[in-house]
Amino acid sequence: MTNVPIDSLSLPVGKPQHESPGGWKQYFSFSTDHKVIGIQYLVTAFFFFLVGGIFAMILRGELITPEADLVDRTVYNGMFTMHGTVMLFLWTFPSLVGFANYLVPLMIGARDMAFPRLNAVAFWMVPVVGILLMGSFFVPGGPAQAGWWAYPPVSLQNPTGNLINGQVLWLLAVAISGVSSIMGAVNFVTTIVKMRAPGMGFFRMPLFVWAVLSAQIIQLFGLPALTAGAVMLLLDLTVGTGFFNPANGGNPVMFQHYFWFYSHPAVYVIILPVFGIFSEIFPVYSRKPLFGYKVVAISSLLIAVVSAIVWVHHMYVSGTPAWMRLIFMLTTMFVSVPTGIKVFAWVATIWGGKLRLNTPMLFALGGLIMFVFAGITGIMLSSVPVDVHVNNTYFVVGHFHYVLFGTVTMGLYAAIYHWFPKMTGRMYYEGWGKLHFWLSFIGTNLNFLPMHPLGLQGMLRRVSSYAPEYEFWNIIASLGAFLLGMSTLPFIFNMVVSWMQGEKAPDNPWRAIGLEWLVSSPPPVENFEEIPIVISEPYGYGKSEPLVAEAHNQAQ
Amino acid sequence: MDSYIVSEELQNHSHHAGEHGHDEEGNKMFGFIVFLLSESVIFLSFFAGYIVYKLTTPNWLPPGVEGLEVREPAINTVVLVASSFVIYLAERALQRHKLWGFRLFLLATMAMGSYFLVGQAIEWSHLAFGFTTGTFGGMFYLLTGFHGLHVLTGILLQLMIFIRSFIPGNYESGHFGVNSTSLFWHFVDVIWIVLFVLLYIWQ
Ligand code: HEM
Ligand SMILES: [Cu+2]
């Protein structure tokens with residue numbers, strides 16, 4: 001069954017084939033194949049990553065000198081708002097959904113997602129979100145300027161008096177991306193719960209699938225709260241209701257509750273799949289089973305649950321009463337328990353393994369190191385006295401960039417390299433990959449480490465000018481940012497050239513265990529000639545048990 | 001992948017393979033329930049907002065407004081709750097292959113739903129406050145409006161399955177359309193009961 005050429009895979013009669021024209025054109029079509037959709041998500045997201053990156057370069061360019069001399073304040077405000085929004089809503093969410101789309105059906109032995117059409121519709125909403133956000137640069141008054149959290153009353157200001165302004169487009173974009181994500185979540189949860197191959201009990205699911213399941217459950221129960229808040233803000237802004245507008249009897253802090261009730265858990269929607277990626281990668285490149293598989297699996301769900309009751313830690317300084325602060329400080333710190341379990345399990349997996357330092361492993365290791373650092377500053381921030389001190393300073397910016405760049409983006413790179421041979425049928429160039437890794441690892445630390453001393457010294461975030469005594473660390477940070485910006489060049493080069501003319505990839509280049517490695521590279525339409533029967537737990541590295549039994553007499 | 005174990009037991013197992021991933025009706029219903037759970041969180045968020053606003057706003061009712069008239073909405077509530085039973089009867093008729101019974105009960109449900117909507121519209125036209133009258137006005141219209149939109153959606157779904165029941169053979173294989181419409185209607189109903197208590201009883 002290994003190395004079955006694609007054209008010899010005859011599909012069972014009567015099963016509808018996906019209508020894919022094949023070749024690169026299929027990526028521009030309304031395809032319902034989860035693999036095509038997965039790659040559509042990934043490429044679209046990467047495009048917006050570059051856009052968000054350009055905004056970041058402008059921000060850092062401005063901050064290289066204490067004076068505001070590169071762009072004016074309005075542009076700066078628009079830039080950091082769009083940078084944060086694009087990075088979150090158009091890079092991290094869609095790229096992780098892209099991987100989930102590509103991998104989940106393969107990993108659980110299904111032919112596709114439960115609702116392929118819904119899947120395609122959900123994807124095509126992402127470019128619409130992008131167009132709305134980018135289009136907002138061209139409406140009177142420019143793009144939204146209230147930051148990606150859009151707190152009223154700032155977000156309710158409408159100096160130009162136009163009905164359609166940047167903030168309105170921003171809210172519409174967020175609402176559409178929410179609808180798309182809920183569609184996706186319904187699809188993922190149904191697929192994972194209902195479509196696993198025979199023999200794949202919950203405790204035989206790969207950890208990436210566990211992570212996606214947990215993350216999508218958060219989407220289902222958190223996103224509606226954000227949507228509710230966004231609708232109310234939109235009404236305040238357009239028809240003049242008074243939900244959050246103090247001038248009309250409203251309460252702006254209520255918006256913060258709606259917002260963070262979702263947006264804190266959203267952090268885990270992003271990070272859980274990355275944890276899943278780490279859990280897939282460490283065993284392969286260490287040649288050892290994942291340490292504590294079951295505990296790690298359950299810890300994902302536990303994180304999802306606990307994350308729903310910690311949101312007020314973003315509001316310690318929003319007039320929150322002391323008893324409430326205390327409760328949320330304790331629940332926040334509790335999140336570090338399941339997270340710590342995971343880190344422990346990864347370290348124990350790597351420990352004493354036969355390490356192979358290929359590019360995916362390098363990115364995963366680098367990401368793990370930076371995550372540990374982010375975890376430490378995170379625990380610091382969860383304690384009320386520290387947060388009251390550094391809130392709204394660069395300390396916070398440093399912390400969340402270690403999460404979002406150091407961990408999430410590095411984890412995404414790890415995943416791209418790891419599954420590139422499977423997705424494209426070609427190998428990437430290891431040398432270029434390693435260059436990419438070192439540039440981004442050094443760049444990340446140069447860029448974001450200085451933000452911690454800056455924050456402790458009191459430099460505020462969202463400012464385009466600052467006191468001269470902060471100049472030194474800002475110059476280092478900006479240089480790191482430019483290095484980071486440049487580091488994407490070898491990556492893009494590697495991806496494009498390898499995809500076009502890289503060496504042909506075998507089905508299982510990493511000798512990995514997992515159903516996705518049983519099919520050809522790239523996998524055929526409908527994935528499996530016969531649905532596999534799973535007979536052992538995942539991550540059986542160094543064990544002789546096979547993963548699946550071949551299914552004869554399959555009831556089709 | 002070079003060696004596969006094919007045991008007797010697994011051979012037997014593989015006969016069940018058809019159940020995995022091919023049960024489309026089941027998947028759709030599961031997905032729909034998941035969706036409804038998620039939707040109920042939107043309503044819960046609005047309810048939570050309403051409760052907090054009511055408890056923390058010093059002058060909750062706008063000046064000159066005494067409170068909400070309960071009689072008409074109460075009748076409306078009774079009609080809507082009753083319609084949940086009627087659509088259940090429709091579903092049962094279909095299970096017993098009584099196609100005309102199904103259509104009649106469905107028509108009755110639609111009529112009752114429309115009665116509710118019209119009643120709501122009349123109530124709106126009499127009220128002494130508007131959408132932008134403070135948080136009270138905003139919350140009132142937001143809640144009733146958003147719910148009304150769901151009632152309308154429910155009626156449209158019912159119309160759809162009504163029309164489709166005239167296509168021969170349509171309701172022989174599966175009833176996802178019917179079951180989901182009916183479930184949606186019960187959902188709309190339960191939400192209304194909570195809403196009614198919040199807005200009209202707890203004044
Ligand atoms: C080269 C890489 C990057 C650089 C140089 C950079 C730089 C910056 C700067 C200067 C700010 C503004 C801080 C402020 O004034 O408050 C910012 C904010 C932000 N960044 Fe980045 N960033 C980078 C990558 C990323 C990535 C990969 C993500 C997410 C995956 C991200 C997410 C955010 C968010 C959410 C904000 C907050 C925006 C707001 O305050 O409204 N950034 N970044
Ligand atoms: Cu948080």
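Letters A, B, ... mirror the listed sequences (proteins, then strands); counts begin at 1. Computed from a predicted model, the values in this text were never measured in an experiment.
- Heavy atoms only, all atoms of each residue included: A:Ala225 and B:Ser45 are closest at CA-OG, 3.4 Å.
- Using a 4.5 Å cut-off between non-hydrogen atoms, the part of residues 126-134 of chain B that approaches chain A consists of B:Phe131, B:Thr132, B:Gly134.
- Heavy atoms closer than 4.5 Å to chain B are found in the side chain of A:Met232, but not in its backbone.
- For B:Phe32, there are no ring-ring contact (aromatic ring centres under 6.0 Å, His included) partners at least two apart in sequence or on another chain.
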Which side-chain N or O atoms in residues 56-72 of chain B pair as donor and acceptor under 3.5 Å with protein atoms at least two apart or in another chain?
residue	atom	partner	partner atom	Å
B:Thr56	OG1	B:Val52	O	2.8
B:Thr57	OG1	B:Tyr53	O	2.5

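- Top candidate by heavy-atom pairs under 4.5 Å with chain B, chosen from A:Thr227, A:Leu223, A:Val193, A:Val231, is A:Val193.
- The only member of A:Leu220, A:Val186, A:Val189 that meets side-chain contact (heavy atoms from CB on, under 4.5 Å) when paired with B:Phe35 is A:Val186.
- Between A:Phe243 and B:Met139, the closest side-chain pair of non-hydrogen atoms falls below 4.5 Å.
- No more than 12 heavy atoms of other residues, nucleotides or ligands shown are found within 6.0 angstrom of CZ on B:Phe85.
- The CD atom of B:Glu24 sits 12.0 Å away from the NZ atom of A:Lys194 when rounded to the nearest 0.5 Å.
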Could you pull out every donor-acceptor pair under 3.5 Å between side chains of residues 86-94 of chain B and any protein atom, sequence neighbours left out?
residue	atom	partner	partner atom	Å
B:Glu91	OE1	B:Ser182	OG	2.9

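- With chain B as partner, the option from A:Ala114, A:Gly240, A:Gly222 having the largest number of non-hydrogen pairs under 4.5 angstrom is A:Gly240.
- Annotation: the span from A:Phe221 atom CZ to B:Ser40 atom OG amounts to 7.0 Å, rounded to 0.5 Å.
- Within the 4.5 angstrom heavy-atom criterion, only side-chain atoms of A:Leu235, from C-beta onward, approach chain B.
- Taken to the nearest 0.5 Å, the OG1 atom of B:Thr135 stands 8.5 Å off from the CG atom of A:Asn251.
- When heavy atoms are compared at a cutoff of 4.5 Å, B:Leu37 approaches chain A by way of both its backbone and its side chain.
- Distance check: B:Phe30 CZ to A:Thr191 OG1 gives 9.5 Å after rounding to the nearest 0.5 Å.
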